[in-house]
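Convention: sequence-line order gives letters A, B, ...; per-chain numbering from 1. Just the heavy atoms: all of them, side chains too, but no hydrogens, waters or symmetry mates, feed the values below.
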Amino acid sequence: MAEFLNGLNRTKMCGEFSAKDIGKKAVVMGFVAKYRNLGMIQFVDLRDRTGIVQLCFSSEEFPGAFSKSTQIRNEFVLAAKGRVRPRGEKNINPALATGEVEILIEELKILSEAETPPFNIVDDVKASEQLRLKYRYLDLRRPSLQRILAARAQVVSATINYMTKKGYLYVETPFLGKSTPEGARDYLVPSRTFPSKFYALPQSPQLYKQLLMISGCDKYFQISKCFRDEDLRANRQPEFTQIDIEKSYVDSIDDVMKDAEGLIRELFKKVAGVTIPRKIRRLKYAEAIERFGSDKPDTRFGLELIDVTNVVKDSGFAVFDNSTKRGMSVRAINAKGLSCLTRKEIDAYQEVVREYGAKGLAYISIKPEGISSPIAKFLNEAMLKEIIAAVGGETGDIIFFVADKNSVVFDALGALRLAIAKKENLIDESVYDILWVTHFPLFEFDEEEKRLTAKHHPFTSPLNEHIKYIEKRPLKARAKAYDLVINGQEAGGGSIRIHSRDVQERMFRAIGLSEKDINERFGFFVEAFRYGVPPHGGIAFGLDRLVMILTGTDNIKDVIAFPKNQNAACVMTEAPSEVEDNQLAELKIKIDDQK
RNA sequence: GGUCCGGUAGUUCAGUUUGGUUAGAACGCUAGCCUGUCACGCUAGAGGUCGAGGGUUCGAGUCCCUUCCGGAUCGCCA
């Protein structure tokens, strides 16, 4: 027996009541968060997205409303009319923003009854993620998720305001596009009008935004969905949102970075109330890798990597000697003051580096009572001293070593320093660590396919003086690319693009595309380059990740209203699903049942 | 594709090491009492395919095999 409003108008949202409203008439609407029936008086916490206000039903003052209120259960949807009154000094609830007042209800409408929800709708929810995703509309009623949705909306509106003010034009680009096998796996959409052909959902609006520069759009931005059919992680969803930016008449990285810094400043100020420096510090890629083992370093703590290859090259310890002879490296982390780590804890760290391909984790623990190290017996006294000196080891420290090819050493030690910092609480969560990483390599070598691939994407411009390396020394070439890293997370990245037809074609050839490949995949793009291309560049920010950082959440699902689970399924709607035979027939698609 | 962890009441978990009477707790739910609660309180009660299938056994939540589902993670993510 759902009741109707019948002209009843809400006067205020639940979270907006304060002592200023005392004595005023009020009409409120919302969900029942909690009810407390004391026999002849009942209190109801009414919740909407702004907060909670306490309703009071008194059998003495309004017996009709009181008697009706005894039917109330959690999550019922109510409309209630009454008068705001003070709670009285003893009954103020300081935990509640509206805790100084309550509304004495004269008239109650039960707009909708509700079954007992499958889990408690409270902020410190205990239910599993799967259950909460299945009933996402209930999960979203939780105040903490409502706050995140609101913060996200603020990011969107602040971005639109700021970029518009700066002269950027909002342009929408298509979702149904052309598949480009370079990069991530595409989500494909079968075409009905062209049986056996497929659209691809965009991994990013990259090509369109560059074509918009060729269109004379000059400065473009868009808040756009992107799709990548790759395996998921805690900070990765198959569809995610990007703040996509591109501008014309730039060929130095500083120009785009300045605009990007302006936007990031604005977002941090508007959404988190945090002022960040006008000029964000920069770190070159090579230095980031060398010092932190990562191109998205978290620099809120030390534990930097130290190259000891030259120190240990004739150490007499076979693992070190063999590695250095084969052109690999040996690097160390000096974990200050952690010689107290137990064998079990060290074993756990060993597992961390193993996951990244390291064969083992050597260590030297400098305890007050002497050196403890499984490798000490392979080293003579002088060598041991030399190694310890090289990493600045003192009593109380433990030094970890990984010997392997560079990529493994950096990955393993990069992960190790994060693991140690997290376990030992070395990270100051109260500060935002924001930096640019620049001077990325233009190419990297794909071991699996035995060919060069673009580190960023094949439209990224090399440094002007490195154009000459494209053919002869490609791995030496550095790019006009930049990533914005916040708290060790890649928050955004971009580049100055190639605007020369000649360089663009050399780039395609360098990554192994034949003339035919280039024409089939990027023919329209290359053709556009014939008709005048302003030098241009841009950047894209992961909006979901920005909202995570700004709201302090570590799960991307919390910042997306209806996210997918780890298998890229929607637990609520049960997408993806099978489709009708006639739908398949129209698309001329046959399902191969064999596994 | 690999590795690790998990699945027991509506929910979160204990119980599995060492097979043995009627599978427990908390929260939630239902009913009664209660006029100042806000984690309201008190009393009583309902609630279980121990993920599914098979096997071993006199006997399986517990042991074995198969399988499904979920999470973390490596690869992957231009």
Side-chain angles (χ1 to χ4, degrees), chain A residues 33-46 52-61 66 70 73-75 85 87-96 98-99 102 104 115-122 124-135 138 180-186 203-204 206-207 226-238 240 351-358 408 411-412 415 419 440 442-444 446-449 452-460 479 481 490 493 495 507-508 511 513 521 540 542 554-555 557 565-567 569 571:
Chain A
K34 194 91 187 169
Y35 60 97
R36 293 175 292 278
N37 188 338
L38 276 64
M40 298 301 277
I41 188 166
Q42 166 152 258
F43 301 100
V44 170
D45 290 343
L46 197 68
I52 280 175
V53 67
Q54 174 168 287
L55 312 183
C56 176
F57 293 90
S58 164
S59 60
E60 199 173 276
E61 290 160 283
F66 172 80
T70 59
R73 293 294 178 269
N74 283 342
E75 302 309 322
R85 67 178 185 184
R87 288 217 194 172
E89 206 138 316
K90 267 202 294 194
N91 294 317
I92 286 176
N93 182 353
L96 206 60
T98 61
E102 65 183 8
L104 177 65
E115 290 183 16
T116 304
F119 56 90
N120 267 359
I121 300 174
V122 292
D124 57 341
V125 65
K126 297 252 170 57
S128 72
E129 186 172 84
Q130 191 183 13
L131 189 72
R132 289 186 290 120
L133 286 178
K134 181 171 178 189
Y135 299 96
L138 298 180
T180 51
E182 280 291 309
R185 193 178 293 116
D186 285 322
Q203 298 170 26
S204 92
Q206 182 62 34
L207 289 170
C226 303
F227 305 85
R228 291 179 191 174
D229 188 5
E230 296 291 347
D231 284 355
L232 273 34
R233 287 290 188 280
N235 65 356
R236 222 194 277 162
Q237 279 275 301
F240 59 97
E351 280 312 304
V352 171
V353 299
R354 283 232 167 96
E355 272 181 26
Y356 291 84
V408 171
D411 282 355
F440 280 81
L442 189 60
F443 299 103
E444 61 189 345
D446 186 323
E447 295 286 349
E448 213 166 287
E449 298 186 37
L452 287 179
T453 56
K455 172 88 181 167
H456 191 52
H457 56 52
F459 317 109
T460 298
E490 184 191 335
S495 61
M507 199 52 205
F508 282 144
I511 59 172
L513 296 185
R521 294 180 197 178
D554 54 8
N555 189 333
K557 296 185 191 100
N565 73 1
Q566 194 173 119
N567 295 317
V571 186

Testing B:U12, B:C76, B:A39 for proximity to the side chain of A:K34, the answer is B:A39
Separation of B:C77 atom P from A:D186 atom CG, nearest Å, is 12 Å
Whichever of A:S128 and A:E355 has the more 5' nearest nucleotide on RNA chain B, that residue is A:S128
To the nearest angstrom, the CZ-P distance between A:R233 and B:G75 comes to 7 Å
Sorted by chain and residue number, the side-chain hydrogen bond (donor to acceptor under 3.5 Å, both in side chains) partners of A:R36 (sequence neighbours excluded) come out as A:D45, A:Q54
Testing B:U73, B:G1, B:G28 for proximity to the side chain of A:N120, the answer is B:G28
Atom CG of A:L133 and atom C1' of B:G71 are separated, to the nearest Å, by 11 Å
To the nearest angstrom, the CG-P distance between A:L232 and B:G1 comes to 15 Å
For nucleotides 45-48 of chain B, print each protein N/O atom paired with a nucleotide N/O atom at under 3.5 Å, atom names and distance only.
none

Protein-proximity profile, nucleotides 30-38 of chain B, B/S/- by nucleotide at the 4.0 Å heavy-atom cutoff, equals SS--BBBBB
Between OH of A:Y135 and P of B:G28 the distance, given in whole Å, is 20 Å
Here the distance between atom P of B:A9 and atom CG of A:L131, to the nearest Å, is 12 Å
Sorted by position of nearest nucleotide on RNA chain B, 5' first, the leading residue of A:E444 and A:N567 is A:N567
Here the distance between atom P of B:C76 and atom CD of A:E447, to the nearest Å, is 10 Å
Of the candidates B:G28, B:G71, B:G75, the side chain of A:N565 sits closest to B:G71
request  = Establish, from distance only, whether the side-chain atoms of A:N91 and A:E102 form a donor-acceptor pair under 3.5 Å.
outcome  = no
With rounding to the closest Å, how many angstrom separate the P atoms on B:C64 and B:G19?
12 Å
